[in-house]
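First comes the structure, then the notes that go with it.
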There are 2 protein chains.
Amino acid sequence: MKNSNKRQKFFEESLILIHQKGFGATSMRDLAQHMGFKVANVYNYIDSKQALLETYLFGISNEFHQGIDDILASTYSPTEKLKALISLNVRLTAQKPYEVALLTNEWRNLENKEGRLDDFLKEREAYEGKVKQLIQEGMARGEFRPLDLELATSLLLSSVRWLYDKYTQNGQKMNPIELEKQISDFVLLGLGNS
Amino acid sequence: MKNSNKRQKFFEESLILIHQKGFGATSMRDLAQHMGFKVANVYNYIDSKQALLETYLFGISNEFHQGIDDILASTYSPTEKLKALISLNVRLTAQKPYEVALLTNEWRNLENKEGRLDDFLKEREAYEGKVKQLIQEGMARGEFRPLDLELATSLLLSSVRWLYDKYTQNGQKMNPIELEKQISDFVLLGLGNS
DNA sequence: GTCTATAATTCGATAGAC
DNA sequence: GTCTATCGAATTATAGAC
């Protein structure tokens, strides 16, 4: 096996192990053992346990940002933008379920050394602000009914936050296109678009 | 201060501290310092750190179960049961926001010693099964439109899972009754009830 | 890159005096 | 109930040989 492949395997399998055991409960020894070598070798690939978590979290966070930025910058209507946002979530989650799971469940384990947790929370707030902006635009245009903006934002964010579970769990994976459609229908009905 | 009050204060403040710092990052020394005494005294109130987490998790889990059991056993229609379920969530979250936050965020830190994690997960699945049953009944009666049952269950569960944030965060608390109404409207529209 | 060995720290929990 | 003192275990991370 080429070294680059082993490197890739390390990051892929560590990600799954961390998701399954939880970041706190996963020791460097666990990662090493899972790769079939000793603890010290873990540091051939990463600088620290925190740095590993950072890599995963900021990596997937950036993908969501790029995705939503493209959507917001498009000429789609708010309704179409919302569909595109849900599509983005389904596609990213289907593609990288464990990264998305970490983004949801393990960011609390990020320490604030050198302000990295602050950085992350700032990115998170910025993303939520973009979602809020999308909804506001839809309400302003009369495409969504005027419910509380903060509440509508929370409801929309929540409506896709469970998706990773469908793709990290064993069992039949639902057709992504059908999944998109059903979630979009549900949210658009709830927002009063008809 | 009476001892029973100090005991109560210990459990209340530990709960908040664990929510804010995360269970893993909160040491017994942190809890002691926050109470103004030394580490050893923590063990006057609890047997172990895991036992503390258990107390919180199973306590609030049982309240949700009792609540949904009463709802399911009532003669309400599915639509009314769903409203009651959302009401239950809003009320419990407004009443015990930190317990609910722990139930959502920190159950992963429960170890499986003596099968306690298995027990918790079994309770969790049972609760989700009850929610699913409610939705199924609504579909069977034609009150909800026939979308994928698992998906509808996930959407309903998600629609209230962010609530604790509204009540643990600083800032203006939304009127619980209005909160109930808006979430119910959103979900019932999404489920096709009209 | 892999190993052995170990440093350095932190943490949960206990013993025992007052 | 409170304290001091400490044990024992686990963890992250590093040093240095091969």
Side-chain angles (χ1 to χ4, degrees), chain A residues 1-57 102 106-117, chain B residues 1-57 102 106-117:
Chain A
M1 186 185 293
K2 289 230 305 266
N3 285 339
S4 61
N5 287 350
K6 190 156 192 179
R7 185 180 181 79
Q8 189 182 354
K9 190 187 165 208
F10 170 80
F11 282 101
E12 285 175 2
E13 302 215 351
S14 295
L15 177 64
I16 298 176
L17 199 62
I18 289 171
H19 165 71
Q20 289 169 337
K21 298 194 59 169
F23 182 78
T26 308
S27 67
M28 302 303 248
R29 282 166 179 80
D30 290 332
L31 297 184
Q33 190 178 15
H34 206 251
M35 288 294 293
F37 54 45
K38 298 295 176 179
V39 201
N41 295 15
V42 172
Y43 295 89
N44 292 331
Y45 303 105
I46 61 173
D47 290 333
S48 69
K49 199 185 174 186
Q50 280 289 312
L52 179 63
L53 183 58
E54 274 186 32
T55 302
Y56 294 132
L57 291 180
L102 244 60
E106 303 291 351
W107 63 267
R108 288 177 178 77
N109 293 291
L110 195 60
E111 295 169 6
N112 201 22
K113 190 146 187 174
E114 302 179 36
R116 298 304 276 157
L117 178 57
Chain B
M1 187 184 292
K2 290 227 309 269
N3 285 340
S4 61
N5 286 350
K6 192 156 192 179
R7 185 179 180 81
Q8 188 181 357
K9 191 187 164 206
F10 171 81
F11 283 100
E12 284 175 3
E13 301 215 354
S14 295
L15 177 64
I16 298 176
L17 198 63
I18 288 172
H19 166 70
Q20 289 169 338
K21 298 194 60 170
F23 181 78
T26 306
S27 66
M28 301 304 248
R29 284 163 179 80
D30 290 331
L31 297 184
Q33 191 178 15
H34 206 252
M35 287 294 292
F37 53 47
K38 300 294 176 180
V39 201
N41 296 2
V42 172
Y43 294 90
N44 292 330
Y45 303 105
I46 61 172
D47 289 334
S48 70
K49 200 185 175 188
Q50 280 290 312
L52 179 63
L53 183 59
E54 272 185 33
T55 302
Y56 293 133
L57 290 179
L102 242 62
E106 303 291 351
W107 63 266
R108 279 165 236 272
N109 293 290
L110 195 59
E111 296 169 4
N112 202 22
K113 190 144 184 176
E114 302 179 37
R116 297 306 276 157
L117 179 57

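The basis for the numbers below is simple: all heavy atoms, side chains too, and nothing from hydrogens, waters or symmetry mates. In the text below, chain A, chain B and the rest are named by the order of the sequence lines, each starting its count at 1.
- The CE atom of A/Met35 lies 11.0 Å from the CG atom of A/Leu17; values are rounded to the nearest 0.5 Å.
- Here B/Ile18 contributes atom CD1 and B/Asp30 contributes atom CG; the two are 10.0 Å apart, rounded to the nearest 0.5 Å.
- Between B/Lys21 atom NZ and C/dT10 atom P there is a gap of 12 Å when expressed in whole angstrom units.
- Rounded to a whole Å, the CG atom of B/Leu31 is 11 Å from the P atom of C/dC11.
- Helical stems involving DNA chain C, defined as 3 or more consecutive Watson-Crick or G-U pairs under 3.5 Å, span C:1-18 with D:1-18.
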Worked check of side chain to side chain contact (heavy atoms under 4.5 Å, CB included) between A/Tyr45 and A/Lys6 | CA-CA 10 Å; A/Tyr45 303 105; A/Lys6 190 156 192 179; 3.6 Å; yes
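- For the pair A/Phe10 CZ and C/dG1 C1', the interatomic distance rounds to 13 Å; values are reported in whole Å.
- For the pair A/Gln33 and A/Arg29, the minimum side-chain heavy-atom distance is 4.5 Å or more.
- The interatomic distance linking A/Tyr45 (OH) with C/dG1 (C1') rounds to 7 Å, in whole Å.
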Summary of protein contacts for nucleotides 12-18 of chain C, nucleotide by nucleotide, where a base hit scores B, a sugar-phosphate-only hit scores S (4.0 Å, heavy atoms) | BBBB---
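- Look at CG on B/Asn41: it is 7 Å from C1' on D/dC3, rounded to the nearest Å.
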Let me see the working for A/Phe11 and A/Leu52 under side chain to side chain contact (heavy atoms under 4.5 Å, CB included), right down to the final yes or no.
-> CA-CA 9 Å; A/Phe11 282 101; A/Leu52 179 63; 3.6 Å; yes
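- With rounding to whole Å, A/Leu52 atom CG is found 10 Å from D/dA13 atom P.
- Take B/Ala40 and apply the side-chain contact (heavy atoms from CB on, under 4.5 Å) test, not counting sequence neighbours, and it matches no residue.
- Between B/Lys38 atom NZ and D/dT2 atom P the separation is 13 Å, expressed in whole Å.
- For B/Asn112, the side chain to side chain donor-acceptor pair (under 3.5 Å) partners at least two apart in sequence or on another chain are B/Asp118.
- With sequence neighbours excluded, the residues satisfying side-chain contact (heavy atoms from CB on, under 4.5 Å) with A/Glu12 are A/Gln8.
- Between A/Glu111 atom CD and D/dT12 atom P the separation is 11 Å, expressed in whole Å.
- Under the rule for a side-chain contact (heavy atoms from CB on, under 4.5 Å), the partners of A/Glu111 that lie at least two apart in sequence or sit in another chain are A/Gln50.
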